[in-house]
Amino acid sequence: MTERRDWSQLERWDRSYYLHSTQAAAEHVFTAVDSMDGNYFTLSDGTRLLDFQSQLISDSMGHRHPAIHGELTRAMERYGHVLFGMANEYRARAAKLIVEDVLGPNSWAGRVRIFASGTDAVECATNMARLYTRRTVILTQAHSFHGMTMGSTMMRGYRNNLTPQGDLSAVQDVPGFPPHGYIPIPPPEPEDYQASGTLPSIIATEQILRAIGPENIAGVITEPMLGGGGTFPHKDYMPALVALARKYGILWIDDEVITGFGRLGEWFGYQHWSGLAPDLLAGGKGVNSCALPVGVVIANKAISDHFERARWWSGSTWDGHPLVCATIVGNLEYMLANNIIQQVRQRGAYLKERLDGLKPKHPSIGRISGRGLFQVIDLINGEGKPIVPEDRFSAFTGDLGEHPNVIVYKEMANRGVFMGGFTPNTLKLGPPFTVTQDDIDLAIDALDAALDVIDAKFGKTGARPRSN
Ligand SMILES: Cc1ncc(COP(=O)(O)O)c(C=O)c1O
């Protein structure tokens, strides 16, 4: 029997006391989830929606997967919290699963640390790059997304400093503390797609690199497919960028928080290119399907060794939390035993086929890109240009209800599917790995109808909504 909840009272409390994101109070639309189950969730008004973006392209095995929740339930019989100075069963099992079973015993990977968020993982990876190279600057792609905190390590006190191997009286601060050295490089688009020879973004990146001086640069952080921005790069982009990092002796930090653990039809996005091996990899989301807050850093063997031998004043209350680690164990053991990567490839191929089938019918469909179960559609107007001209540079001002992704979101919701996008012209499709062919058909039919609305509104005239 379903328990009844007083949603009008809950709405009052939520509106009054919760500090909300992305919508101003005056425009806030109260959308409450009452329950979640598999690939679907149910709103407080009883509406049931197919989750075709796995919340934030994050809940990879759907909602409340029995393998994950089962392991969590078992872990809760024995564990609460264990501080990071002590080991626990699930931390050891999760680390072994990631380094040995997922990446393979002879891979580049040395050690992993487990956190409470992808942001923590990115912070840790960039600090490790600085400590390891003794340099300051991190190069970062425009349109990328790596998290939303700043400042916690700028407070005085323990702040990630390292006492190196062989000299326990020495202290090495994180170079560039307080941090100032984040320098953008071009994103892998749009000129790259039309280019021949060395890609324009790579030429520009090398110029930036030389202007700063590689001796000042700790590393370059990249996403194999931009998650927030929603771009899969030109096939030559990643190998060329990594070759630049190698040529100039800077580290490559591969942020796979959104793409990692199967999303793109490989365990990690970088594996779409042969011969690439990151120096540091940040992960999160899909490692436990977001059953609990999570992030991971994997370091290559040399870097792992460097930090493991040192006395490194780092850590958070939540590092290696047994319950978080239990959800990783439940998730990864299930994925390995059931060849979920192959499932992602098959269902991703079907999704792509259905999307390609929509293209001739809808002039608003521009480029379709992505891999596995993360596909992206760029919407264009009658002139073949981005409908909102600012496109991925949008500052999210003006009437967001007029942005094509928001229009599609509403049309999809009216047809039982949760899916939208982040930047105005980009639709992101990222269903759970457990999505069925029927689910995909339902979503594509809804999208077909939603795109009719976009075609009619923006297609013929090339009309553009005001965005600021
Ligand atoms: C590529 C990437 N890095 C880092 C993050 C931050 O992770 P979290 O939200 O778990 O802190 C995200 C979140 O979406 C992400 O997509």
Side-chain angles (χ1 to χ4, degrees), residues 20-22 51 53-60 98 112-129 138-153 182 184-185 187-188 219-233 237-238 241 252-264 266-272 278 280-298 316-321 324-325 327-328 331 369-376 392 396 420-423 426 428-430 432:
H20 297 93
S21 50
T22 66
D51 190 348
Q53 64 169 48
S54 310
Q55 296 300 296
L56 288 166
I57 323 274
S58 51
D59 303 10
S60 300
I98 292 170
V112 60
R113 188 180 282 182
I114 297 167
F115 303 96
S117 74
T119 303
D120 282 293
V122 168
E123 289 278 347
C124 180
T126 49
N127 274 341
M128 287 177 83
I138 301 288
L139 302 181
T140 164
Q141 297 162 300
H143 305 329
S144 64
F145 179 73
H146 300 288
M148 288 229 191
T149 59
M150 83 178 170
S152 59
T153 53
Y182 296 94
I185 56 171
V220 57
I221 183 163
T222 64
E223 294 180 76
M225 171 173 172
L226 300 191
T231 312
F232 194 88
Y237 176 81
M238 280 312 305
L241 194 73
W252 172 35
I253 307 166
D254 179 27
D255 183 350
E256 300 246 12
V257 171
I258 206 164
T259 52
F261 298 97
R263 175 57 62 187
L264 303 185
E266 301 284 347
W267 277 106
F268 295 100
Y270 77 84
Q271 293 167 333
H272 278 284
L280 291 152
L281 184 149
K285 300 192 193 239
V287 69
N288 69 350
S289 294
C290 288
L292 287 175
V294 76
V296 301
V297 156
I298 308 170
S316 138
T317 306
W318 307 108
D319 288 4
H321 194 294
V324 172
C325 292
T327 57
I328 295 175
N331 188 50
S369 61
R371 293 290 184 280
L373 284 171
F374 190 5
Q375 299 288 334
V376 168
R392 290 179 168 85
F396 304 100
F422 173 59
T423 49
T426 313
K428 296 203 280 186
L429 299 91

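In listed order, ligands and their atoms are each counted from 1. One is the number of the first residue; the rest follow in order along the sequence.
Looking only at distances, no side-chain donor or acceptor of Gln55 sits under 3.5 Å from a matching main-chain atom of Asp59. For Arg392 (side chain) and Gly228 (main-chain N/O), no donor-acceptor pair under 3.5 Å exists by modelled atom type.
Using cut-offs of 30° and 60° on the angle between ring planes, the pair Phe261 and Trp267 is perpendicular.
For the pair Lys285 and Leu56, the minimum side-chain heavy-atom distance is below 4.5 Å. Between Arg371 and Met225 the shortest side-chain heavy-atom distance does not fall below 4.5 Å.
Residue-level contacts of ligand 1 at the 4.0 Å heavy-atom threshold are Ser117, Gly118, Thr119, Phe145, His146, Gly147, Glu223, Asp255, Val257, Ile258, Lys285.
Checked against the 6.0 Å centroid criterion, the rings of Tyr237 and Phe232 do not qualify as a close aromatic pair.
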